[in-house]
Amino acid sequence: MAEAQRSVKDITVTLPDGAKRTYAAGTTGMEIAESISKSLAKAVVAVKIDGAMSDLSLPINKDVSISLVKREDAEGLELIRHDCAHVLAEAVQKLYPGTQVTIGPNIENGFFYDFFRNEPFSTEDFAAIEAEMKKIVERGAPFTREVWDRNEAIKFFKNKGENFKAELIQDLPETEEIKIYRQGEWTDLCRGPHMPTTKHVGTAFKLMKVAGAYWRGDSNKAVLTRIYGTAWRNDKELQDYLTQIEEAEKRDHRKLGRELELFHMQDEAQGSVFWHPKGWTIWVALEAYMRRRLKDGGYLEVKTPQLMDSRFWEASGHWGKYRENMFVVPDVVPNTEEGGKVFKEEPKHFMALKPMNCPAHVQIFKQGIKSYRDLPMRLAEFGCCHRNEAHGALHGLMRVRQFTQDDAHIFCREDQIMEECVKFCELTKAIYKDLGFDDYVIKLETRPENRIGSDALWDKAEKGLEDALKKLGMKYDISPGDGAFYGPKLAFIIRDAIGREWGCGTLQLDFNLPERLDALYTAEDGSRQRPVMLHRAILGSIERWIGIMIENYAGKLPLWLAPVQCVVATITSEADSYAEEVVRELRAKGIRAELDIRNEKINYKVREHSLQKVPYLFVVGKREAEERNVAIRQLGSDAQKVVNMEVAVDDLKQAAQPPY
RNA sequence: GCCGUUGUAGCUCAGGGGUAGAGCAACGCAUUCGUAAUGCGUGGGUCGAAGGUUCAAUUCCUUUCAACGGCACCA
């Protein structure tokens with residue numbers, strides 16, 4: 001009898017430490033916290049019920065396991081940010097009546113909220129908005145949760161002129177509850193959960209920037225104004241974050257590229273890079289390293305045409321799908337008449353700069369007859385490609401119009417896919433390690449909506465990539481729908497100084513292009529078979545990679561990549577001829593050394609070469625010249641070591657060896 | 001491409017309806033110096049471009065280009 005009663009009225013709550021407690025059905029998270037301790041009740045901001053975040057005020061009606069989320073927890077910080085977005089929205093609507101609200105999620109380091117308003121916001125409005133937000137926080141209105149009837153809710157928001165919210169509700173699945181949160185007078189449709197009151201948001205927040213964003217991420221829809229903010233648990237965290245951003249901006253590769261005289265860009269060649277001697281030195285060293293890696297990896301290097309007839313691109317399928325981003329060149333002799341039209345007649349034939357290398361590599365594969373014995377055939381190219389990227393997409397070295405891929409295509413049999421994928425991942429891992437990147441994310445990007453090829457083929461391809469990752473025990477996330485139109489891909493993603501993510505390495509499985517371009521090999525039984533094609537790049541774009549490396553190392557590249565590895569600087573002109581001899585010795589050993597015999601103080605020279613991030617400075621004065629020594633000063637240290645010149649040169653040669 | 005911001009000397013930036021200014025850099029001279037800026041001097045800009053308003057525009061207006069911050073895109 002007692003047992004039966006319990007099952008109706010009581011629930012068992014399991015805490016994270018495994019302890020079980022019994023409460024009356026309908027008990028809320030807050031009540032549970034209060035029953036444990038007063039201080040816990042004070043600190044708690046939400047409750048995780050069976051793994052799902054919920055409001056503390058939500059009655060619990062069944063047996064569950066819970067954990068109480070405090071403001072200090074990682075989940076608590078997410079709530080601070082999300083609630084802060086709501087506070088922002090309330091403040092904006094108070095200050096700018098008629099502004100429509102849309103959505104405001106928390107993101108890494110903060111939150112944003114998208115508004116619709118005829119007048120744009122400007123950063124000058126921030127002070128007023130922040131002040132209003134602080135008032136709302138100070139007021140500390142409780143967040144209360146209500147579940148509304150769908151049609152009531154739509155009517156409510158339509159009446160308020162909140163068309164975007166009404167549209168959101170309309171599009172929510174029928175099964176979804178329509179949850180409305182109130183904070184004082186202000187209401188918003190929201191999935192929740194929220195902290196108990198606006199006061200819990202605290203004041204460690206700051207509005208950062210305004211930006212345009214499309215409604216529902218669709219470029220055909222309305223443009224909204226997005227306000228980004230950052231929010232933290234306390235002022236120290238906020239300050240630390242702001243300092244961190246400031247520091248990161250100092251490593252911006254565009255800034256360092258100019259300061260270190262690596263490259264520049266200009267209007268007349270937007271999206272293309274002018275590599276200066278020092279920048280190009282990095283490139284050449286990196287490319288040479290990659291060549292050694294590829295050669296040992298069984299790749300064969302090739303070079304294919306830059307400009308090819310449009311019918312070639314028609315056959316590959318790019319003409320139809322990507323033409324708007326291709327640079328198309330009329331195949332006509334231009335008019336030479338002064339002041340005349342560029343072309344006398346309407347061009348009939350077109351060529352196009354290659355936007356990628358794959359079809360060209362298929363042409364090489366197709367020359368002659370290939371046997372199963374030739375497979376896998378790995379064709380590699382440092383392929384210079386052109387893509388007419390949208391203006392807004394261009395970004396320093398990271399996104400350019402002319403770029404060089406460390407591209408390769410592996411033609412193999414189906415039963416070789418797994419092994420090739422494994423080899424590729426291993427090679428990529430090794431190269432990233434050599435180049436100083438241990439921190440990257442792997443994404444498995446699966447079939448997009450617009451695609452070619454049967455589902456059976458896609459199943460096979462996606463499984464192939466996943467199996468290889470599993471075999472290697474590499475961690476990965478799945479990004480559904482992000483694959484290429486011809487096949488799924490692995491993307492190796494690296495972050496730049498300020499946390500932006502850039503795709504670098506990629507491995508794409510393709511059963512389609514060999515079919516489309518009619519690539520065949522002769523199998524053991526004499527039959528003609530289609531090879532499978534693996535598109536792969538490790539650095540991705542060499543431009544981008546160098547940009548990321550500059551930021552990662554804050555310009556202080558490892559010795560083997562440093563454009564100038566050593567400067568020999570004199571203290572007085574008495575050491576000039578000795579300094580010249582030291583430079584000759586260094587250069588004879590393959591060290592990139594420069595001579596500085598300018599009539600300047602050694603302080604000045606040290607400062608200048610340090611700012612130029614030269615790894616080694618050999619200082620020579622009268623003493624060193626007489627004793628045939630050099631005073632070595634390494635970048636980042638003010639210690640000096642006086643060493644015999646020949647020993648120093650040999651040591652530096654050793655230290656400057658590339659990792660492979 | 002879309003929304004917003006910015007554009008003045010090589011760089012960083014100030015100024016403002018009466019045709020521009022600083023620091024650093026460059027150049028010249030002096031200084032020969034021991035580990036993150038020696039001193040003095042000189043030169044340098046059709047104020048992103050085009051058009052308009054005005055007696056007068058770098059400044060105000062329009063258009064345009066580029067860069068920057070996002071969004072969309074990224075074979």
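First the proteins, then the strands, lettered A, B, ... as listed; each starts at 1.
Within the 4.0 angstrom heavy-atom criterion, no nucleotide atom of any strand lies near A:F121. At the heavy-atom level, A:F112 lies nowhere under 4.0 Å from the strands shown. The residue A:Y604 sits close only to the backbone: its heavy atoms come under 4.0 Å of sugar-phosphate atoms, none of a base. Residue contacts shown for A:R633 include a base, since a base heavy atom lies under 4.0 Å away. A:I571 comes within 4.0 angstrom of a nucleotide base, judged by non-hydrogen atoms across all strands. In this structure, A:G217 reaches the sugar-phosphate backbone alone: every heavy-atom distance under 4.0 Å involves primed, P, OP1 or OP2 atoms, never a base. Looking at heavy-atom distances under 4.0 Å, A:Q508 makes contact with sugar-phosphate atoms alone, never a base. Nucleic acid contact class of A:A569 (heavy atoms, under 4.0 Å, all strands): none. A:R623 comes within contact range of at least one nucleobase, with a heavy-atom separation under 4.0 Å. As judged by a 4.0 angstrom heavy-atom cut-off over every strand, A:N325 is placed among the base-contacting residues. A:E624 comes within contact range of at least one nucleobase, with a heavy-atom separation under 4.0 Å. Base contact: A:P355 has a heavy atom under 4.0 Å from a base atom.
Proximity note for A:A211 (side chain, C-beta onward) versus B:rA36, B:rG70, B:rA72: the nearest is B:rG70. You'll find that the side chain of A:V606 is closest to B:rA36, out of B:rA36, B:rC33, B:rG34. The side chain of A:R387 lies closest to B:rC74, out of B:rC74, B:rC73, B:rG69. Among the nucleotides B:rG69, B:rC73, B:rA66, the one closest to any side-chain atom of A:K209 is B:rG69. When each of B:rG69, B:rA75, B:rA36 is scored by its nearest atom to the side-chain atoms of A:H395, the top-ranked nucleotide is B:rG69. Which of B:rC2, B:rU35, B:rU38 sits closest to the side chain of A:K601 comes down to B:rU38. Listed candidates were B:rG34, B:rC71, B:rA37. Nearest to the side chain of A:K622 is B:rG34. Looking at the side chain of A:V223, the nearest of the listed nucleotides B:rU32, B:rA67, B:rC3 is B:rC3.
Note on A:R254: every side-chain N or O is 4.0 Å or more away from OP1 and OP2 of B:rC11. An OP1 or OP2 oxygen of B:rU12 is reached within less than 4.0 angstrom by a side-chain nitrogen or oxygen of A:R258. Using a 4.0 Å cut-off, some side-chain N or O of A:Q270 falls inside it from OP1 or OP2 of B:rA66. Contact check, A:R500 against B:rG70: a side-chain N or O comes under 4.0 Å of OP1 or OP2. At the phosphate of B:rU35, neither OP1 nor OP2 sits under 4.0 Å from any side-chain N or O atom of A:N603. Remark: A:H264 is not in phosphate contact with B:rG10, judged by side-chain N or O atoms under 4.0 Å from OP1 or OP2.
Annotation: cation-pi geometry satisfied between A:R117 and A:F121 (NZ/CZ under 6.0 angstrom from ring centroid, within 45° of ring axis). For the pair A:K443 and A:Y476, the cation-pi criterion (under 6.0 Å, within 45° of the ring axis) is not fulfilled. A cation-pi arrangement is present between A:R81 and A:W232, with the terminal nitrogen or guanidinium carbon under 6.0 Å from the aromatic centre and inside a 45° cone about the axis. Both the sub-6.0 Å distance and the 45° axial angle are satisfied by A:R226 relative to the ring of A:F112.
Atom P of nucleotide B:rA67 and atom CE of A:M265 are separated by 8 Å, given to the nearest angstrom. Rounded to an integer number of Å, the gap from CD of A:Q612 to P of B:rU35 is 22 Å. For the pair A:K605 NZ and B:rU38 P, the interatomic distance rounds to 12 Å; values are reported in whole Å.
Both distances falling under 3.5 Å, in either a Watson-Crick or a G-U wobble arrangement, place B:rA67 opposite B:rU5. Look at B:rG41: its Watson-Crick or wobble partner, with both distances under 3.5 angstrom, is B:rC27.
The aromatic rings of A:H535 and A:H409 sit perpendicular to each other, their planes meeting at more than 60°, with 30° as the lower class boundary. The aromatic rings of A:W275 and A:W280 sit tilted relative to each other, their planes meeting at an angle between 30° and 60°.
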*Show your working on salt bridge (Lys or Arg N to Asp or Glu O under 4.0 Å) between A:R495 and A:E108 and close with a plain yes or no.*
CA-CA 13 Å; A:R495 289 175 163 234; A:E108 192 174 14; 3.1 Å; yes
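We find that the ring of A:Y322 and the base of B:rA75 stack, their centres lying under 5.5 angstrom apart and their planes tilted less than 30°.
Between the side chain of A:R216 and the base of B:rC71, no donor-acceptor pair of N or O atoms lies under 3.5 Å.
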